[in-house]
Amino acid sequence: MRWVVCLAAGAAVLLAAPAFAHGPAPVATSGPAAFLALGFFIGIAHALEADHMTAVASMMERGESRRSLVARGAVWGAGHTLALFVICSIVLLLGLTISGRVEAALEAAVGLLIAALGLRVLWRIWRDRVHVHVHSHGGKPHVHVHSHAGEEGPHSASSHDHAHPARARGHAATLGVGVLHGAAGSAGLLVLTVAAADTILEAIGYFAVFGAGTMIGMTLFSAAVSYPLHRIHQGARWMRSTVNAVIGGAALLVGGTLAAESLAALQVASL
């Protein structure tokens with residue numbers, strides 16, 4: 001996703017072009033508006049990094065409405081923004097630092113969590129025996145996604161009598177994952193911001209707009225994928241199972257790689 005960051009940074013520079021009209025001054029000295037604009041667009045790009053997208057995608061539940069899918073992305077972004085803003089602001093105001101060991105430990109935790117989410121998706125595919133086909137209730141045929149988990153025997157002998165309860169889906173877990181992601185990224189953001197900002201107030205403003213950009217970026221991503229995912233959920237069983245398997249496998253790969261790299265960095269930092 002590095003090319004996404006480059007594109008976003010380029011867009012921010014173009015929008016902030018008037019601030020650079022009087023010479024090639026550094027970003028921090030070209031004016032607070034340009035500095036904050038850059039933070040906002042980089043925040044949008046930051047939301048589209050692989051570990052963020054796989055984490056949110058792997059938490060999307062079967063049968064969720066498009067509105068709920070978009071809300072899930074926004075909630076993740078809110079948790080990410082809250083953690084970044086609070087941690088970075090407190091550390092900056094108190095003159096503290098985030099050690100490399102703490103940063104690596106948080107990144108490792110994020111990686112293990114994403115890998116666990118991927119395993120959860122793959123396990124549910126195996127457990128639920130979820131599929132889609134036409135059946136009827138009271139003589140009215142319709143297409144419905146359902147599961148025969150726990151049933152034995154051939155599918156033709158299974159009963160398809162079931163209710164359609166309205167299930168309220170909470171987003172507490174999504175918020176928690178966003179908070180952990182934000183905490184893990186706080187050290188890097190803090191270092192870059194302190195190096196570029198002229199004042200503490202400007203740095204805190206950067207934290208805020210970066211977080212807002214991240215929340216908007218993830219919300220836009222969720223909105224973009226909500227339509228195809230919703231259609232796939234209503235489609236053939238093989239299609240839904242394949243997409244879920246890809247999401248679960250991607251989360252397992254991304255999370256496992258991140259955890260392995262972070263654990264190696266943690267070991268080095270501990271020496």
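If you read the sequence from its start, that first residue is 1, and numbering goes on from there.
Nearest approach of Val91 to Thr97, heavy atoms of both residues: CG1-N, 4.0 Å. Minimum heavy-atom separation, Val121 to Asn244: CG1-O, 3.2 Å. Across all non-hydrogen atoms, the minimal contact from Ser262 to Ala104 is CB-O, 3.5 Å. What you find for Met215 and Thr81 is that their closest heavy atoms are CB-OG1, 3.9 Å.
The side-chain heavy atoms of Met60 and Ser222, taken from C-beta on, include a pair separated by under 4.5 Å. Taking the side chain as every heavy atom from C-beta outward, Ile200 and Ile204 approach each other to under 4.5 Å. Proximity of Leu92 to Phe207: side-chain heavy atoms (C-beta onward) are separated by under 4.5 Å at one or more points. Contact annotation: the side chain of Val254 never approaches that of Glu49 to less than 4.5 Å [non-hydrogen atoms, C-beta and beyond]. Proximity of Tyr206 to Ile42: side-chain heavy atoms (C-beta onward) are separated by under 4.5 Å at one or more points.
We find the OG1-CG distance between Thr54 and Leu258 to be 9.0 Å, quoted to the nearest 0.5 Å.
Of the possible donor and acceptor atoms, none in the side chain of Ser89 sits under 3.5 Å from a partner among the backbone N and O of Val86. At distances below 3.5 Å, at least one donor-acceptor pair connects side-chain atoms of Thr214 with backbone N or O atoms of Gly43. In terms of modelled atom types and a separation under 3.5 Å, the side chain of Ser186 and the main chain of Ala183 share a donor-acceptor contact.
Ring orientation note: the planes of His52 and His80 are nearly perpendicular, at an angle over 60° on the 30°/60° scale.
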